[in-house]
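Scroll down for the structure; my scribbles are underneath it.
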Amino acid sequence: MPQLDTSTWLLVILSMLLALFTLFQLKISKHFYYPNPKTTTKLQKQQTPWNITWTKIYLPLSQSQ
């Protein structure tokens, strides 16, 4: 029975890793990342009446007697 030749395995594995790395880099570079949501919410903050005044709602059962 002939012996399995493993002399080219290192070259095949290294070239496969290089090809996968290149493909993933190309895929990631084409991906669009949205801006940070914290910066967009600060720019678009709207004033509402309940933000200006502070009110506290008391429940009937929470009143002390």
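When a residue number appears, it is its place in the shown sequence, counting from 1.
With rounding to the nearest 0.5 angstrom, the NZ atom of K30 is 12.5 Å from the CD1 atom of I28. Taken from CD1 in I13 to CG in L18, the straight-line distance is 14.0 Å, to the nearest 0.5 Å.
Screening residues 13-32 for ring-ring contact (aromatic ring centres under 6.0 Å, His included) gives H31-Y33, F32-Y34 as the qualifying pairs, with residues at least two apart or on separate chains. Screening residues 4-15 for side-chain hydrogen bond (donor to acceptor under 3.5 Å, both in side chains) gives D5-S7 as the qualifying pairs, with residues at least two apart or on separate chains.
Residues L14 make up the rest of the hydrophobic cluster containing L10, defined by ILVMFWY side-chain heavy atoms closer than 4.5 Å, directly or through other members.
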